[in-house]
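One structure follows; several queries about it will come next.
As the structure lists them, so they are numbered: ligands from 1, and atoms in each ligand from 1. Positions are given from 1, in the same order as the sequence printed here. Remember, predicted model here, so these are calculated numbers, not experimental data.
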Amino acid sequence: MKELPHILKLPKILDSRGNLSFFEYPGQLPFEIARTYWIYDVPGGEIRGSHAYKEQSEFIIALSGSFDINLNDGKKDLKFSLNRSYYGLFIPKMYWRRLENFSTNSLALIVSDKHFDEADYIRDYEQFKCLINE
Ligand code: TYD
């Protein structure tokens, strides 16, 4: 069955010294982590992403600040807003994704189940629509 994008709520260990959250596989994540990267210092109004992946899945958290993630499955748009460090969005392969409305000093942490491979990117939306409707 096709996996769907969904928000995962992470553990939150409340502590008067400061809270703590975490994720690991297989406890919270649906995949084993192969790569971690982060997006930061995003100038106001900028958009990141605007592509899909043929094979890789990702899990995205707003470690700091907030931003929106727009997904498209070739037919309809799905919009998610991330603004807490204990929620993250799981995005399966083959979703067109766009990250936008970054707040000042926001920090997006992204973990992926694959190593970086430019050949896994689909950067043309029309090509994405053709591939997903095959
Ligand atoms: P890209 O994935 O297009 O960024 P975004 O989706 O956030 O807009 O990546 C931007 C550039 O960084 C591109 O030249 C590829 C490079 N890159 C790596 O070398 N390794 C990585 O893990 C990632 C995510 C990107």
> Under a 4.0 Å heavy-atom cut-off, which residues neighbour ligand 1?
Replying inline: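 Answer by chain and number: Arg35, Tyr37, Ile39, Arg48, Gly49, His51, Arg97, Phe116, Tyr121, Arg123.
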
> Quick one: do the Asn101 and Asp68 side chains pair a donor with an acceptor below 3.5 Å?
Replying inline: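 Yes, because at least one side-chain N or O of Asn101 sits under 3.5 Å from a partner of the opposite role on Asp68.
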
> Has the side chain of Arg35 got a donor or acceptor atom that lies under 3.5 Å from a matching backbone atom of Lys114?
Replying inline: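 Checked: pair present.
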
> Can you name the salt bridge (charged side-chain N to carboxylate O under 4.0 Å, His left out) partners of Asp41, sequence neighbours left out?
Replying inline: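 Applying salt bridge (charged side-chain N to carboxylate O under 4.0 Å, His left out) to Asp41 gives none.
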
> Which heavy atom in Ser57 sits nearest to a heavy atom in Pro92, and how many Å separate them?
Replying inline: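 Looking at all heavy atoms of both residues, the shortest contact is OG-CA, 3.8 Å.
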
>> Side-chain heavy atoms under 4.5 Å apart, restricted to Ile/Leu/Val/Met/Phe/Trp/Tyr: what other residues fall into the cluster of Trp96, or is it alone?
In response: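 Met94, Ile122, Tyr125, Phe128, Leu131, Ile132, which link up through side-chain heavy atoms under 4.5 Å apart, make up the rest of the cluster.
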
> Quick one: salt bridge (charged side-chain N to carboxylate O under 4.0 Å, His left out) pairs with a partner in residues 88-97, sequence neighbours left out?
Replying inline: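 Checked against salt bridge (charged side-chain N to carboxylate O under 4.0 Å, His left out) - neighbours excluded - the pairs reaching residues 88-97 are Glu55-Lys93, Glu58-Arg97.
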
